[in-house]
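In what follows, chains carry the letters A, B, and so on, assigned in the order in which the sequence lines appear, proteins first and then strands, with residues in each chain numbered from 1.
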Amino acid sequence: MSSSLAAPGPALELIASLEKELVARGFEVHSSPFGYYKSFKVAVKGHPLSELSREIVAESAAAGKEDVSEAVKAEAKLVSHWHILEPTGHMHHLSIKDGKVSGYPFEGHDRLQKFATYEMAKSREAKEEPAHVRLMQELELVDYEPGSDPGNLRYYPKGKLIKGLLEEFIGERVREYGAMEVESPVMYDFEHPALKSYLARFPARQYIVQTPNKRAFLRFSACFGQFLIMKDMVISYKQLPLPLYELTRYSFRAEQRGEVAGLRRLRAFTMPDCHALVSDIEMAKEELMVRFDVAWGILEDCGLSMPDDFEVGMRVTQDFWNAHKDFVVAYAKRWGKPILVEMWSEQFFYFVQKYEWNFVDGNDKAAALTTDQIDTENAERFGITFTDEDGKKRHPLILHLSPSGAVERVLYALLEKAAAAAKAGTPPMLPVWLSPTQVRIVPISEDQLEYAKSLLPRLDGIRADLDDSNDTLGKKIRNAEKEWVPYIVVIGKKEIEGGTLNVRVRQTKEQTEMAVDALRHRIANETRGRPSRPLAEPAFLSERPIFRG
RNA sequence: GCCACCGUAGCUCAGCCGGUUAGAGCGGCAGUUUCGUAAACUGCAGGUCCGGGGUUCGAAUCCCUGCGGUGGCUCCA
């Protein structure tokens, strides 16, 4: 019994020899080739977990899977030690018993405790659907696409607007940091020698594509594309550190069916990926902290609170810790609150150090956004070199940064944060620069419609739309609030006569009088330094179709 | 991938221990209303009850199977 069956030929031989052997031992034997018994039942009385053990192989048969079993064996030997490192440099060793983490007084650090428990105990207690799933649908941003594969989503105009803005923004910041933007293919040859050994460790997660003449896999990150570019580049030590950037739309991972969830875990996702070549470990540490600040600024300006909304998972090898303890401590100090450190007895992966910033959501689930790694292996594997001061070719180290994490996860975090705000009694909303409608103009009755229309050109550069339905005022306000519109402008007789705007501000729940220019300046201030796009749908609500309901 | 639960109108859901033409609210459309800060009124239209197969005189309802979703397990380079 196996999920990876041999060809029919060997099976027939096997049946024949089994029959012969059994007859020789005096059994009465009937045999039939497979295919004759497509339908039968095997009832096994045993422990429920026995269902997880499906593969039954003779020992010698396992030899054919050397690459895989080597990695599996190595990983099984991996010993992790867990710690909490305080910004002061104090280290607390953690232990776990019955799903409870101890060794550190977590008072005031609830989410760090949840994150540590999530990582160490793998405990999942959520019973509810994640809050962002309902929100992404109700706000007509993103939805499931049953016509595709699980974890491949459809974006409605408002969702595409937000995603596009995030992508533009992240790209701008990474280019400002100095990264050169490139683009690489989404699929790669299974038989490419440089990719083969890398892939052999993770054979089960790829989407497979049959091209006209080869089997290919869809990329799960920008690593290959950038490494293959880098191996052909001619690089001097003077040019280091040297960062390349690509926005992968998409990266594909054929996650197991039950692991796919909303915007949190997808099979196709948009990954900003920035690899930098550095000459040695000292430059790596220095550059890592430069990128730390870039990533910090991006998440903060996307509307997340730094560092409050995140918990650090820092993974280091024992050797790296021994040699660079001061660096890890300085990192914790820069972060400003305690971090979770996982220490590995040996280096089993291609990196010696890695960190992630994890968002802990309302169901106590953690999702990694920003991550950066110090890779000591792949330059050699892919043949990436630079010429050093002595004119000799050397392999650089490679830093793997995703400055924001997957763009979908940024949206996930924003929606979960909004849901948490709603639960706490404050109005849920997106940052103004990401709000699909920034200003909703609401005439009280038809008499004010023409005047209301004349305001649209005066709000140039702002996503302002107009509710031209003949709903009552209360209904129009309600509809705008349901869409999380940050500024609702009500136009009645008074406003036409006075020439000012009556603005209902979502953030503060207040109503204020202000001039058109004052509103413009207010929004310009709130969106400064972020990209802008026009409305994703017609300005008049009566001209908008419904995408979901 | 494994286990459990779920899938009825555009949306949210009722109906489901088998039995008339499958219901409601919201939304849509038409008309009335022209309103001062989170839901005006009346009428009309709208359904492959997720797909396929089976049991039955008869299936939205029971069984099998596929697809999709949620939770848990596993996993998250």
Colleague: Suppose we screen for salt bridge (Lys or Arg N to Asp or Glu O under 4.0 Å). Which residues come up paired with A:Glu287, at least two apart in sequence or across chains?
Modeller: none
Colleague: Could you write out each protein N or O paired with an N or O of nucleotides 29-31 of chain B at a distance under 3.5 Å?
Modeller:
none

Colleague: Not counting sequence neighbours, which residues clear side chain to side chain contact (heavy atoms under 4.5 Å, CB included) with A:Asp189? List them please.
Modeller: A:Glu191, A:His192, A:Lys214
Colleague: Please identify each residue that fulfils side chain to side chain contact (heavy atoms under 4.5 Å, CB included) with A:Thr317, with sequence neighbours left out.
Modeller: A:Asp319, A:Phe320, A:Gln347, A:Val352
Colleague: Identify, with sequence neighbours excluded, every residue that meets ring pair (Phe, Tyr, Trp, His ring centres under 6.0 Å) alongside A:Phe217.
Modeller: A:Phe190, A:Phe224
Colleague: Taking only residues two or more places apart in sequence, or in another chain, which ones meet A:Asp465 in a salt bridge (Lys or Arg N to Asp or Glu O under 4.0 Å)?
Modeller: A:Arg440, A:Arg544
Colleague: Scan for salt bridge (charged side-chain N to carboxylate O under 4.0 Å, His left out) pairs involving residues 136-145 of chain A, sequence neighbours excluded, and state none if there are none.
Modeller: A:Arg134-A:Glu138, A:Glu140-A:Lys158, A:Asp143-A:Arg548, A:Glu145-A:Arg154
Colleague: Could I get a table of every N or O pair under 3.5 Å where one atom is in the protein and the other is in nucleotides 11-14 of chain B?
Modeller:
none

Colleague: Quick one: side chain to side chain donor-acceptor pair (under 3.5 Å) pairs with a partner in residues 399-408 of chain A, sequence neighbours left out?
Modeller: A:Thr270-A:Glu408, A:His275-A:His400, A:Asp375-A:His400
Colleague: Return each pair, listed once, that meets salt bridge (charged side-chain N to carboxylate O under 4.0 Å, His left out) where at least one residue sits in residues 441-451 of chain A; pairs must be two or more places apart or across chains.
Modeller: A:Glu450-A:Lys453
Colleague: Please list each protein N or O that sits under 3.5 Å from an N or O in nucleotides 36-43 of chain B, with the distance.
Modeller:
from  : atom 1 : to       : atom 2 : distance (Å)
B:G36 : O6     : A:Lys493 : N      : 3.0
B:G36 : O6     : A:Lys494 : N      : 3.0
B:G36 : N1     : A:Glu495 : OE1    : 2.9
B:G36 : N2     : A:Glu495 : OE1    : 3.3
B:G36 : N2     : A:Glu495 : OE2    : 2.7
B:U37 : O3'    : A:Arg504 : NH1    : 3.4
B:U37 : O2'    : A:Arg504 : NH1    : 2.6
B:U37 : O2'    : A:Gln511 : NE2    : 3.2
B:U37 : N3     : A:Asn502 : OD1    : 3.4
B:U37 : N3     : A:Gln511 : OE1    : 3.2
B:U37 : O4     : A:Asn502 : OD1    : 2.6
B:U37 : O4     : A:Asn502 : ND2    : 2.9
B:A38 : OP2    : A:Arg504 : NH1    : 3.3
B:A38 : O4'    : A:Arg478 : N      : 3.4
B:A38 : N7     : A:Arg504 : NH2    : 3.4
B:A39 : N7     : A:Arg478 : NH1    : 3.2
B:A39 : N6     : A:Arg478 : NH2    : 3.0
B:A39 : N1     : A:Arg478 : NH2    : 3.1
B:A40 : OP1    : A:Thr472 : OG1    : 3.3
B:A40 : OP2    : A:Thr472 : OG1    : 2.7

Colleague: Going by the rule ring pair (Phe, Tyr, Trp, His ring centres under 6.0 Å), which residues pair with A:Phe115 if we only count those two or more places apart in sequence or in a different chain?
Modeller: none
